[in-house]
Amino acid sequence: MTQSPSRVAIVTGAGRGIGAAVAARLSADGFAVGLLDLDADAVKQGAETLTAGGGRAVGVSLDVSDAEQVERAVAQVADELGPPTVLINNAGITRDNLLFKMTDQDWDSVIGVHLRGSFLMTRAVQKHMTEQGWGRIVNLSSTSALGNRGQVNYSAAKAGLQGFTKTLAIELGKFGVTANAIAPGFIATDMTAATAERVGMDFEDFKKAAAEQIPVRRVGEPADIANLAAFLVSEGAGFISGQVIYVAGGPKD
């Protein structure tokens, strides 16, 4: 391990929602943050906001399923901020449909962003972590990994990320790198708002109905995920690796 590992984090899908919240929290905790997203304007604005608040940040636009774009984006973050030692694989999309209606493109797009994207990002960043002798990887899974009607693509991707996480923990642990997964339940984001629209419900009614099924009687907020991510990338979480933590306001099997 180097005397003092670089405190630089990369967050994918950082243009909004959970990713933006995690980026803001890590910046507040003293990390320089590379905000990566397909939405160039969103990450540029996000980086400017963090910089205006006294942090160091850069926004980079990319498609995480494209290997060349991933390599360039990681190199840019390393050049401008320093070697990244924290990676939050959060980028995600949904293409929900029942199996018999799901197209090849619906399947390939979701698997490509969630699984291929996380693989490409982790492969690109791990070399910086192993050189530093310290690293933290947090992959965003979901309660949908347990199965969810109309999400066979998304559920498969999120379940795959759990196996991906456990294998990373085994392979990279000897280099001082931990890998864990967060599996959110219902979190109020643009993505869940889109789901409400798809099923023909007002979002507030949708959230209220969801909260009635959650033991703590509320839906989650992006900050709930950011709080856990902040702990998992801390020094204090160094003996926690290969775990899947459900953040759903109640128990999940």
Side-chain angles (χ1 to χ4, degrees), residues 9-31 33-37 39 42-43 46 49-50 55 57 64 86-94 110 113-115 117-118 121-122 136-146 148 151 154-155 157-162 164-165 168-169 178-196 203 206-207 210-211 213-234 236-237 240-252:
I10 288 179
V11 182
T12 69
R16 61 181 183 173
I18 290 172
V22 172
R25 174 59 190 268
L26 295 185
S27 179
D29 288 349
F31 285 91
V33 183
L35 294 84
L36 276 56
D37 199 287
D39 188 334
V43 289
T49 299
L50 297 184
V64 294
V86 168
L87 172 62
I88 313 294
N89 281 313
N90 169 72
I93 61 171
T94 55
V110 169
V113 172
H114 292 270
L115 278 179
S118 295
M121 287 297 309
T122 304
R136 299 285 188 264
I137 299 166
V138 178
N139 298 314
L140 267 293
S141 180
S142 168
T143 55
S144 291
L146 302 172
N148 194 33
Q151 287 194 318
Y154 188 78
S155 296
K158 291 306 193 182
L161 280 172
Q162 297 188 10
F164 177 70
T165 298
L168 293 178
T178 67
N180 293 286
I182 299 174
F186 190 111
I187 307 296
T189 64
D190 290 348
M191 189 175 286
T192 47
T195 301
F203 191 37
F206 192 61
K207 290 191 291 184
Q213 304 301 316
I214 298 172
V216 299
R217 290 297 187 270
R218 71 170 177 90
V219 299
E221 298 292 339
D224 292 310
I225 307 305
N227 290 337
L228 178 56
F231 170 67
L232 290 174
V233 306
S234 70
I240 301 170
S241 196
Q243 303 306 304
V244 179
I245 305 173
Y246 286 88
V247 183
K252 294 290 179 181

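This is a predicted model, so every value here is computed, not measured. Computation of the quantities below employed the complete heavy-atom set of this structure, encompassing side-chain atoms and omitting hydrogens, waters and symmetry-equivalent molecules. Throughout, residue positions are numbered sequentially from 1 according to the sequence presented.
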### Asn90 side chain to Thr12 backbone, donor-acceptor under 3.5 Å
yes

Q | Pair Asn139, Thr165: side-chain N/O donor-acceptor within cut-off below 3.5 Å | A | yes

State, yes or no, whether a side-chain contact exists between Arg16 and Thr189 at a heavy-atom distance under 4.5 Å. no

Scanning both residues in full, the closest heavy-atom pair of Ala21 with Ala226 reads O-CB, 3.7 Å

Across all chains, not counting sequence neighbours, the side chain to side chain contact (heavy atoms under 4.5 Å, CB included) partners of Asn227 are Arg25

Handout entry: Residue pair Leu232 / Ile240, side-chain heavy-atom distance below 4.5 Å
Key = yes

When every non-hydrogen atom of Ala169 is compared with those of Ser241, the smallest separation belongs to CB-OG, 3.3 Å

Contacts of Thr178 meeting side chain to side chain donor-acceptor pair (under 3.5 Å) (sequence neighbours excluded), chain-then-number -> none

Rounding to 0.5 Å, atoms CZ (Phe186) and CD (Gln213) come to a distance of 12.0 Å

- Should Val219 and Ile187 count as side-chain neighbours, where that means a heavy-atom distance under 4.5 Å? no

Report yes if the side chains of Ile182 and Tyr246 come closer than 4.5 Å at any heavy-atom pair, otherwise no. no

Partner of Ile88 under side-chain contact (heavy atoms from CB on, under 4.5 Å), picked from Ile137, Leu36, Val138, is Val138

Review point. Are any non-hydrogen side-chain atoms of Leu26 and Val11 less than 4.5 angstrom apart?
Key: yes

So CE of Met191 and OG1 of Thr94: to nearest 0.5 Å the spacing works out to 5.0 Å

By side chain to side chain contact (heavy atoms under 4.5 Å, CB included), Ala24 pairs with (sequence neighbours left out) Leu50

Correct closest heavy-atom pair for Pro184 and Leu140 would be CG-CD1, 3.8 Å

task = Could you tell me whether the side chain of Lys252 reaches within less than 4.5 Å of the side chain of Leu146, counting heavy atoms only?
result = yes

By side chain to side chain contact (heavy atoms under 4.5 Å, CB included), Ser144 pairs with (sequence neighbours left out) Ser142, Asn148, Gln151, Tyr154, Ser155

- Task: Please examine the side chains of Val22 and Val33, heavy atoms only from C-beta on, and report whether any two atoms are closer than 4.5 Å.
- Result: no

Those residues at least two apart in sequence (or on a different chain) that pass side chain to side chain donor-acceptor pair (under 3.5 Å) with Thr122 are Asn89

Closest non-hydrogen contact found for Lys158 with Ala145 is C-CB, 3.8 Å

Tightest non-hydrogen contact, residues Asn180 and Gly242, listed as OD1-N, 3.3 Å

Val113 meets the side chain to side chain contact (heavy atoms under 4.5 Å, CB included) criterion, sequence neighbours left out, with Val64, Ala91, Ile93

On a heavy-atom basis, the closest approach of Ala248 and Ile214 is O-CG2, 3.5 Å

Item to complete: Using a 4.5 Å cut-off on heavy atoms from C-beta on, say whether the side chain of Phe203 contacts that of Thr192.
Response: yes

